[in-house]
K.L.:
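Got a structure for you, written out below as structure tokens; questions coming shortly.
Just so you know, residue 1 is the first one in the sequence shown, and it goes up from there.
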Amino acid sequence: MNGKPGSENPGYMIEFARLIFGRHGYDIDYQLMPWQRAVTETEAGKFDCVVGAYHDDAPSFVFPKESWGRVTTAIYVRDEDEFIYTDIDSLTNRTIGIIEGYAYSAEDINKAIELNEYKFSAVTGAEPLSANIQKLLHGRIDTIIENPAVMSVTMHELNLSGKIKLAGYVGQPSNMYIACSPANKKSLNLIKIVDEGTKTLRRSGELQQILQNYGLNDWQKN
């Protein structure tokens with residue numbers, strides 16, 4: 001969805017934003033930072049928008065109608081771990097790595113985090129998944145909750161084949177969006193540009209072309 005600024009593959013959502021807003025005369029200043037800081041500072045109006053947001057992440061934000069992806073939530077463990085996720089109660093006695101301030105696509109998980117149930121261990125920083133993976137591999141946690149597409153790419157980049165495995169899925173798929181600041185008077189216009197631009201990218205085939213570079217397909221056609 002979003003990766004390192006300035007890289008050849010900064011993330012498909014960043015490429016969407018550059019194409020869509022660029023055609024309206026905007027330049028994109030993409031910065032990578034901890035998720036909670038990104039939400040807090042965008043909510044205050046320091047930044048215009050965030051990418052990869054759910055409605056639960058940023059309920060006060062201005063959202064377009066057009067989503068920029070659909071994701072599920074999955075459970076990961078070390079390869080030798082025999083744990084299989086069945087339901088939220090199966091996480092009892094597990095130590096679970098999560099990302100600070102992040103709302104997951106599974107409502108059961110979000111509610112458990114909010115009520116401080118189970119043993120959640122939150123990390124922050126610009127690369128929180130990598131931090132959670134290191135904690136998992138070194139035994140400081142025994143479970144990670146993550147988006148399967150993000151986890152797959154990260155495991156490939158870190159050459160972790162055979163060290164971490166999928167232990168089950170949680171909840172139903174949820175839509176992701178670019179979401180804009182409630183403090184910015186231009187946000188309504190920005191999301192209008194997003195809605196029109198996303199439809200244009202899909203009609204022209206550019207949306208699928210960009211997604212293919214990341215090993216993905218149009219979520220509306222899956």
K.L.:
Check whether any side-chain heavy atom of Pro10 lies under 4.5 Å from a side-chain heavy atom of Glu15, and answer yes or no.
P.N.:
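Side chain of Pro10 against side chain of Glu15, heavy atoms only: contact under 4.5 Å found.
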K.L.:
Where do Gln220 and Arg202 land on the side chain to side chain contact (heavy atoms under 4.5 Å, CB included) test, with the steps shown first?
P.N.:
CA-CA 10 Å; Gln220 287 197 359; Arg202 183 169 278 117; 3.6 Å; yes
K.L.:
Which Ile, Leu, Val, Met, Phe, Trp or Tyr residues join Leu115 in one cluster when any pair of side-chain heavy atoms under 4.5 Å counts as a link?
P.N.:
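None; Leu115 is a cluster of one.
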K.L.:
Please indicate whether Lys165 has more than 12 foreign heavy atoms, meaning atoms of other residues, nucleotides or ligands, lying under 6.0 Å from its NZ.
P.N.:
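Buried by this count: over 12 neighbours within 6.0 Å.
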K.L.:
Parallel, tilted or perpendicular: which one describes the rings of Trp219 and Phe16, with boundaries at 30° and 60°?
P.N.:
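Ring orientation of Trp219 relative to Phe16: tilted.
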K.L.:
Could you see if Ile191 belongs to whatever hydrophobic cluster contains Phe63? Use Ile, Leu, Val, Met, Phe, Trp, Tyr and a side-chain cutoff under 4.5 Å.
P.N.:
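Ile191 does not cluster with Phe63.
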K.L.:
Could you tell me which non-hydrogen atom of Val62 sits nearest to which non-hydrogen atom of Ser187, and how far apart they are?
P.N.:
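Between these two residues, the closest heavy atoms are CG2-CB, 4.0 Å.
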K.L.:
Can you tell me which residue pairs pass the ring pair (Phe, Tyr, Trp, His ring centres under 6.0 Å) test with a partner in residues 180-206, sequence neighbours excluded?
P.N.:
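Sorted result for residues 180-206: empty, none.
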K.L.:
Can any side-chain N or O of Ser204 pair as donor or acceptor with the backbone N or O of Thr200 at less than 3.5 Å?
P.N.:
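Such a contact is found between Ser204 side chain and Thr200 backbone.
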K.L.:
Can you tell if the side chain of Met176 reaches within under 4.5 Å of the side chain of Tyr54, non-hydrogen atoms only?
P.N.:
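Met176 vs Tyr54: side chains touch.
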K.L.:
With side chain to side chain contact (heavy atoms under 4.5 Å, CB included) as the criterion, how do Leu160 and Leu137 come out once you've worked through the C-alpha distance, each side chain's angles and the decisive distance to 0.1 Å?
P.N.:
CA-CA 10 Å; Leu160 294 177; Leu137 294 177; 3.8 Å; yes
K.L.:
Evaluate whether atom CD of Gln212 has more than 12 neighbouring non-hydrogen atoms of other residues, nucleotides or ligands under 6.0 angstrom away.
P.N.:
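It does: Gln212 CD has more than 12 such atoms within range.
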K.L.:
Closer than 3.5 angstrom, by distance alone: can the side chain of Asn132 be matched with the main-chain N or O of Leu129 as a donor-acceptor pair?
P.N.:
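Absent.
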K.L.:
Indicate, with yes or no, if Val77 and Leu91 share a hydrophobic cluster defined by side-chain heavy-atom contacts under 4.5 Å among Ile, Leu, Val, Met, Phe, Trp and Tyr.
P.N.:
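Yes; Val77 is reachable from Leu91 via cluster members.
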K.L.:
Mark yes or no for whether Ser174, through its side chain, and Val71, through its backbone, hold a donor-acceptor pair below 3.5 Å.
P.N.:
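Not confirmed, Ser174 side chain does not pair with Val71 backbone.
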K.L.:
When the aromatic ring centroids of Phe61 and His55 are compared, is their separation below 6.0 Å?
P.N.:
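For Phe61 and His55, the ring centres are not under 6.0 Å apart.
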K.L.:
Are Ile145 and Val123 co-members of a hydrophobic cluster defined by side-chain heavy atoms under 4.5 Å apart?
P.N.:
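Val123 does not cluster with Ile145.
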K.L.:
Taking atom CD as the centre, does Glu80 end up with more than 12 heavy-atom neighbours from other residues, nucleotides or ligands that are less than 6.0 angstrom away?
P.N.:
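Yes, CD of Glu80 has more than 12 neighbouring heavy atoms, counting only those of other groups under 6.0 Å.
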K.L.:
For Asn213, which residues count as a side-chain contact (heavy atoms from CB on, under 4.5 Å) partner, sequence neighbours excluded?
P.N.:
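Partners of Asn213 under the side-chain contact (heavy atoms from CB on, under 4.5 Å) test: none.
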K.L.:
Between Asn9 (side chain) and Gly11 (backbone), is there a donor-acceptor pair under 3.5 Å?
P.N.:
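Checked: no pair found.
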K.L.:
Can the ring centres of Tyr102 and Trp35 be said to be less than 6.0 Å apart?
P.N.:
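When the ring centroids of Tyr102 and Trp35 are compared, they turn out to be within the sub-6.0 Å range.
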K.L.:
Is there a side-chain hydrogen bond (donor to acceptor under 3.5 Å, both in side chains) between Gln36 and Thr124 once you walk through the steps?
P.N.:
CA-CA 8 Å; Gln36 193 162 31; Thr124 186; 6.0 Å; no
K.L.:
I would like to know whether Lys163 and Leu158 meet side chain to side chain contact (heavy atoms under 4.5 Å, CB included); could you show each step before the answer?
P.N.:
CA-CA 11 Å; Lys163 295 183 179 180; Leu158 298 177; over 6 Å; no
K.L.:
Side chains of Phe21 and Asp27, heavy atoms from C-beta outward: is any pair under 4.5 Å?
P.N.:
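Result no, sub-4.5 Å side-chain heavy-atom pair not found.
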K.L.:
Given 3.5 Å as the limit, does a donor-acceptor pair link the side chain of Tyr12 with the main chain of Trp68, or not?
P.N.:
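Flag set: sc Tyr12 to bb Trp68 pair under 3.5 Å.
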K.L.:
Would you mind reporting whether Lys192 and Leu188 have side-chain heavy atoms less than 4.5 Å apart?
P.N.:
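The answer is no; the side chains never approach within 4.5 Å.
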K.L.:
Among all residues two or more places apart in sequence or in another chain, which pass the ring pair (Phe, Tyr, Trp, His ring centres under 6.0 Å) test with Tyr169?
P.N.:
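In terms of ring pair (Phe, Tyr, Trp, His ring centres under 6.0 Å), with neighbours along the sequence ignored, Tyr169 is linked to no residue.
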K.L.:
Apply the hydrophobic cluster definition, ILVMFWY joined by side-chain contacts under 4.5 Å directly or through others, and give me every member besides Val153.
P.N.:
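Besides Val153, the hydrophobic cluster comprises nothing; the residue is isolated.
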K.L.:
Do Gln208 side-chain atoms and Asp218 backbone N/O form a donor-acceptor pair below 3.5 Å?
P.N.:
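Pair found, side chain donor or acceptor close to backbone of Asp218.
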K.L.:
Kindly state each residue pair satisfying salt bridge (charged side-chain N to carboxylate O under 4.0 Å, His left out) with at least one member in residues 85-96, sequence neighbours excluded.
P.N.:
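For residues 85-96, and leaving out neighbouring residues, the salt bridge (charged side-chain N to carboxylate O under 4.0 Å, His left out) pairs sorted by first residue read Asp81-Arg94, Arg94-Asp142.
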K.L.:
What I'd like to find out is whether the side chain of Asp48 reaches to under 4.5 Å of the side chain of Ser181, using heavy atoms alone.
P.N.:
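No - every pair of side-chain heavy atoms lies 4.5 Å or more apart.
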K.L.:
Below 4.5 Å, heavy atoms only, C-beta onward: do Ser161 and His156 meet side chain to side chain?
P.N.:
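No; the side chains remain at least 4.5 Å from each other.
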K.L.:
Could you tell me if the side chain of Asn147 sits less than 4.5 Å from the side chain of Met1, heavy atoms only?
P.N.:
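Heavy-atom side-chain distance check passes, below 4.5 Å.
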K.L.:
Using side-chain heavy atoms (C-beta onward) and a distance below 4.5 Å, is Thr72 in contact with Pro173?
P.N.:
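Yes - at least one pair of side-chain heavy atoms lies under 4.5 Å apart.
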